[in-house]
Amino acid sequence: MLAATSVLQQQAADIRNQRINWQSYFQSQMISKEDYDFIAAFDSSDAKTRENKLKENSHQAAKTFLNLLGHVSKDQTIQYILTMIDDMLQEDRSRVEIFREHSTRKRESVWGPFLNLLNRQDGFIMNMTSRIIAKLACWSHDLMEKTDLQFYLTWLKDQLKLSFDALQDRTDLHAGLEQDTAVEQAKEANELHELFNPNNEYIQSVARCLQMMLRIDEYRFAFVSVDGISTLLSVLSGRVNFQVQYQLIFCLWVLTFNPLLAEKMNKFNVIPILADILSDSVKEKVTRIILAVFRNLIEKVEDGQVAKEHCIAMVQCKVLKQLSILCQRKFDDEDITDDIEFLNDKLQASVQDLSSFDEYSTEVKSGRLEWSPVHKSGKFWRENASRLNEKNYELLRILVHLLETSKDPLVLSVASFDIGEYVRHYPRGKHIIEQLGGKQRVMQLLGHEDPNVRYEALLAVQKLMVHNWEYLGKQLEKEQTGASGAPTNKPGVQVPAKA
């Protein structure tokens, strides 16, 4: 496990100082004599004594621990047993095979007894169990089976989100209390801040388990299949301390060592989110791990076009500017300097090759639309409007999706404008936009609270209507043209402007 003190480790230190009266469990017939004999002898502060006991009868060790977990109900005792198991595994990684061999002999699942404990209400029990499962899954010769793996990874993902949501609620409470100028209220706010500090949350323990699991390639794909990447980025987009930032970005980093995952990564908006953290970060370890992710997104990707798109995305997210700032600093870690040089060279080269359509495409895919020059360029739209039809209207679908989901007035304004320009410059554009649901979305924005959004939506609707007017006008002209080909001008004839 990577070193960083978490609430789990702090609590485990306190639990080790407790003493369990095993004899009372034996006398009340809650545990058998063989389980009592083993646990009474093994429960020693002397590592050599524990090692000898395991060598003497490793099968009994697994049997006793699992029997105790199955028959003891008191939370305090369960906490103590789990801490003993975790310490035992931490002393020697090969001891995970003790549980594997026992389950094989008994023809039972090694995971069942531990996965059941994840449903307990006690936070320490759940998270210490999770830590043990991660060690069994990562240090054993055999991989975790698919169904159990999906259950465990889903649990980790859900716990990460729950811990983060609780943390946000508490941070908001703290912020609200701090606004009160009264001395007593300020004191209370400070006490709450200490109590609910991010360092005192189980979120670090959950993240540490993921750091272990995602080093194994087979587990990476299982994590992606339970929508794990979206959860990591959702938490990173919020307010978490630098330690949690580092741990979750580490998870992204190990995922990018798989070329297939590295290619798909920016579909989740990894680059914009990490670029924002990079610009704000003052911690060297966070800077280092972000640069390492960026390097992998270029270096590990086998498709040259995708690597190019990643470079363009980094340029658009102002990573080049950040690199120039980092160049002014001195780092003890040579890897940081190497990564800065590598990224600077690659991004500078991509700027030279950048076409206006590449720039536009990457911006749309990032979801971070702004009034960059390409949007207002008539030349760009004349030359590239039809290219928005490529890959089954990929860019148009993204624009329509942004109109539906974005809360940012700037994004809504630019997306509305782009849809209007596409319709204006591509003859069959109106029909396509209508099929994709874009017309309905734009019209809904006519009542938006932001005046800029309303204005751009109105212009887009007008372009949709004018396009239709021109089409109907041509049809009407054909009908009015006689056999001689001469058009008849009938006064009072009006062409309906139908949206």
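In this chain, numbering begins with 1 at the start of the sequence shown. These figures come from a predicted structure and were not determined experimentally.
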Quiz item: Aromatic rings Y80 and W22: how do their planes relate, parallel, tilted or perpendicular, breaks at 30° and 60°?
Solution: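 Ring orientation, 0 to 90° scale: tilted.
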Quiz item: Parallel, tilted or perpendicular: which fits the ring planes of H102 and H59, with parallel below 30° and perpendicular above 60°?
Solution: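 Correct class here is tilted.
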Tell me whether [X] contacts the main-chain N or O of [Y] through its side chain, where contact means a donor paired with an acceptor under 3.5 Å.
{"X": "S130", "Y": "M126", "answer": "no"}
{"X": "S279", "Y": "D276", "answer": "yes"}
{"X": "E363", "Y": "E370", "answer": "yes"}

Got a salt bridge between [X] and [Y], using NZ or NE/NH1/NH2 to carboxylate O under 4.0 Å?
{"X": "K161", "Y": "D158", "answer": "no"}
{"X": "R50", "Y": "E91", "answer": "yes"}
{"X": "R368", "Y": "D408", "answer": "no"}
{"X": "E97", "Y": "R100", "answer": "no"}
{"X": "E51", "Y": "K55", "answer": "yes"}
{"X": "R288", "Y": "D335", "answer": "no"}

Practice problem: Walk me through it: do Q79 and D122 pass the test side-chain hydrogen bond (donor to acceptor under 3.5 Å, both in side chains)? | Solution: CA-CA 9 Å; Q79 291 172 355; D122 182 83; 3.2 Å; yes
Quiz item: Taking the six-membered ring for Trp, are F250 and W253 ring centroids under 6.0 Å apart?
Solution: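 That pair passes the under 6.0 Å test.
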